[in-house]
Amino acid sequence: MFEKLDNTIANSFIGRYFKLENSGVPNARNTRFTTEIRAGIATFITMAYVISVNAMIIADSGGPCVCDSGTTDLCANDPDYLTCQTIVQRDLVTATAAVSCIATAIMGIFTNLPLALAPGMGMNAYFAYTVVGFHGSGKIAYETAIAAVFIEGLLFTFFSAFGICQLFAKLIPMSIKIATGAGVGFLLTFIGLHRSTGIALISHDPSTLVTLGGCPDQYYNKTTGICTSHHMESPTTWLGILGFLIIVILLLFRVKGSIFIGIVFISIISWFRNSEVTYFPYTDEGNARFNFFKSVVGFHTIEKTLGAIHFDLGSSDVWLAIITFLYIDMLDTTGVLYSMARLGDFLDETGDFEGSNAAFICNASSISISAIFGTSSVATYFESGSGITEGGRTGITSLTVSFFFFISLFFAPIFVSIPPWASGPVLVVIGSMMAKSIKDINWKYIGDAVPSFLTFIIMPLTYNVAYGLIAGIVSYMIINTIAWLIETISFGRITYDKSDKEPLNNFKVGSGGEGLLPIWLVPIVYRIRGGKSTAEIIKPIEINETTEINNVNRDVAVDVDRRNE
């Protein structure tokens with residue numbers, strides 16, 4: 001039905017720029033315009049929860065509101081402070097949607113990758129509850145913490161622009177990169193099974209940390225996160241399981257829009273008030289949700305958080321926050337980018353992917369933009385996997401997500417009313433697909449196998465991609481360095497079997513032309529190698545042949561190999 005539209009777009013400038021199928025450009029991607037639109041819708045619906053959740057978390061810091069009552073409850077019962085905090089939360093709803101719209105559009109246009117960005121979960125909690133503190137009770141004021149985010153974004157952009165982040169990614173052994181994708185999949189599954197972000201199949205247990213959940217609300221202790229009784233009797237849990245089965249069966253029969261259909265079907269069922277599975281129960285919280293849902297259209301102008309930046313950098317706590325923001329964002333971005341690239345089959349023979357350097361720059365520069373709007377740093381979202389699973393392969397998927405974030409500025413009541421048991425099943429399905437990469441880990445060599453295992457197991461257990469990468473990289477270095485030292489000190493009398501060891505060949509240039517140097521530096525190095533003058537070096541030039549880019553990057557790689565030898 002949409003074949004004519006797909007062909008028309010493919011033969012246009014848009015089709016050629018985004019390398020759509022039948023566009024006639026080299027390395028065209030196996031996707032069509034309507035597939036990209038559907039993939040973008042699926043991604044947005046899966047991550048729409050961020051609009052309300054991020055605003056709620058950051059607002060707990062109090063934002064620029066000042067608590068000066070001198071009470072021990074941190075103004076938790078101060079009417080004036082709570083009124084200010086309500087305004088801040090509404091500001092952040094608008095800010096979250098706006099930042100996500102801008103950042104995702106930047107990613108789609110400049111990288112041609114189906115990735116969506118929004119303020120990162122986990123980082124926002126660290127920002128709100130550790131750096132600023134509940135109602136501003138931390139060591140750093142909100143405005144100063146926002147300045148720290150802004151500076152961190154600039155530093156991250158600098159590192160990305162000069163290829164430092166990509167170089168770091170190339171230094172990661174292939175098996176750990178593969179394990180990162182699996183770890184992200186396990187983490188997504190854990191998120192999809194959790195109560196606040198999924199179908200509530202698991203809950204907290206004081207003895208075993210986690211256990212079987214699925215209890216109705218009246219048997220759930222919100223303070224401890226424990227199901228006191230009636231496990232697996234929650235109607236919404238079973239509705240989420242139904243949504244999971246619908247999506248899986250539709251995928252099994254290769255029905256287009258399987259994920260989108262599953263989310264919309266479960267959401268609509270949950271919007272009826274007189275049912276056991278309603279998202280709008282007759283409680284104070286349910287009534288508030290329903291009243292917001294009924295407004296349908298609403299736009300809130302940012303009053304307090306826009307431009308709330310104060311560069312007070314004299315404290316060591318501020319610089320500690322900047323460094324912490326930076327290394328967590330670098331590791332998170334590396335983990336998510338490469339796991340999504342693997343899911344979309346973008347990785348080349350070296351474990352890199354076309355546009356990786358641009359993706360780092362887009363993610364990094366968007367962090368400073370998020371600070372201007374008054375929220376914590378943005379990140380590439382795991383939920384991009386839902387669009388990739390739907391067939392999204394180009395930046396059109398990202399632009400579709402960006403468009404819906406723009407629409408959500410005016411229709412936020414609809415998009416924040418998608419219940420977690422509608423989006424949670426999608427995360428479980430995506431997690432199962434990402435876990436299949438485990439088979440490609442080099443299990444034959446213990447020095448590769450153990451660090452890879454730690455990488456993908458630590459991620460869900462700590463609820464953090466960065467910690468999993470740290471565990472994998474550090475353990476890899478320690479294990480293999482100790483083995484090398486023992487062999488060296490013993491002058492080869494004590495040896496270990498290296499026959500199955502994975503070679504560190506990550507400095508090779510892949511088919512996409514990505515190498516040690518970012519693309520914008522390649523022409524400069526090319527001129528230098530040709531003995532050109534300084535004026536000619538800085539003169540804008542074009543290198544259209546991938547072979548020339550490969551030659552420059554390959555020579556740099558050879559130099560690195562020689563130095564290593």
Side-chain angles (χ1 to χ4, degrees), residues 38 41-56 93 97 121 188-203 213-220 222 225 227 230-251 255 257-298 383 386 390 404-405 407-408 411-431:
R38 187 176 66 245
I41 294 173
T43 297
F44 173 77
I45 290 178
T46 309
M47 63 184 293
Y49 70 89
V50 70
I51 298 174
S52 58
V53 175
N54 181 66
M56 178 185 66
V93 167
M121 295 292 112
L188 281 177
T189 299
F190 184 76
I191 293 172
L193 297 176
H194 198 263
R195 192 177 193 91
S196 60
T197 52
I199 64 177
L201 190 64
I202 57 176
S203 67
C215 60
D217 288 342
Q218 59 268 34
Y219 300 104
Y220 178 73
K222 292 184 178 181
C227 278
H230 293 73
H231 299 273
M232 293 304 296
E233 294 184 16
S234 171
T236 56
T237 295
W238 286 105
L239 184 61
I241 294 173
L242 174 63
F244 171 79
L245 292 175
I246 289 173
I247 293 171
V248 171
I249 297 300
L250 291 177
L251 286 172
V255 176
S258 304
I259 291 175
F260 176 72
I261 292 171
I263 293 175
V264 171
F265 177 76
I266 299 301
S267 295
I268 291 176
I269 291 177
S270 303
W271 287 342
F272 292 97
R273 297 207 75 179
N274 296 316
S275 72
E276 293 294 321
V277 294
T278 182
Y279 192 51
F280 311 121
Y282 290 100
T283 61
D284 291 341
E285 184 179 7
N287 291 333
R289 287 178 187 165
F290 188 65
N291 290 333
F292 188 53
F293 176 74
K294 287 191 300 182
S295 62
V296 181
V297 180
E383 285 81 355
S386 60
E390 277 289 340
F404 278 99
F405 271 120
I407 294 298
S408 68
F411 293 92
I414 299 293
F415 296 117
V416 301
S417 297
I418 297 172
W421 54 84
S423 58
V426 178
L427 304 183
V428 178
V429 172
I430 297 169

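Predicted model, so just to flag it, every value in this text is computed and none were measured. For this chain, numbers begin at 1 and follow the sequence in order.
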For Pro420 against Pro425, the heavy-atom pair lying closest together: O-CD, 4.3 Å

Trace of the side chain to side chain contact (heavy atoms under 4.5 Å, CB included) decision for Trp238 with Met232: CA-CA 8 Å; Trp238 286 105; Met232 293 304 296; 3.8 Å; yes

Member of Phe265, Phe290, Phe293 meeting the ring-ring contact (aromatic ring centres under 6.0 Å, His included) criterion with Trp271: Phe293

Residue pair Glu383 / Ile45, side-chain heavy-atom distance below 4.5 Å: no

Pairs involving residues 415-430, ordered by first then second residue, that meet side chain to side chain donor-acceptor pair (under 3.5 Å) (sequence neighbours left out): Ser270-Trp421

Shortest non-hydrogen contact from Pro419 toward Ser267: CD-OG, 3.8 Å

Taking every non-hydrogen atom, the tightest pair across Cys227 and Gly214: SG-N, 4.2 Å

Sole candidate of Asp217, Thr236, Thr237 that passes side-chain hydrogen bond (donor to acceptor under 3.5 Å, both in side chains) when paired with Arg195: Asp217

Residues which pass ring pair (Phe, Tyr, Trp, His ring centres under 6.0 Å) with Phe272, listed by chain and number, not counting sequence neighbours: none

Glu390 to Ser258 - nearest heavy-atom pair and separation: OE2-N, 3.0 Å

Flag side-chain contact, heavy atom, 4.5 Å: Ile269 against Leu239: yes

Pairwise side-chain contact, Ser408 with Phe44, heavy-atom cut-off 4.5 Å (strictly under): yes

Non-hydrogen side-chain atoms of Tyr282 and Asn274 separated by less than 4.5 Å: yes

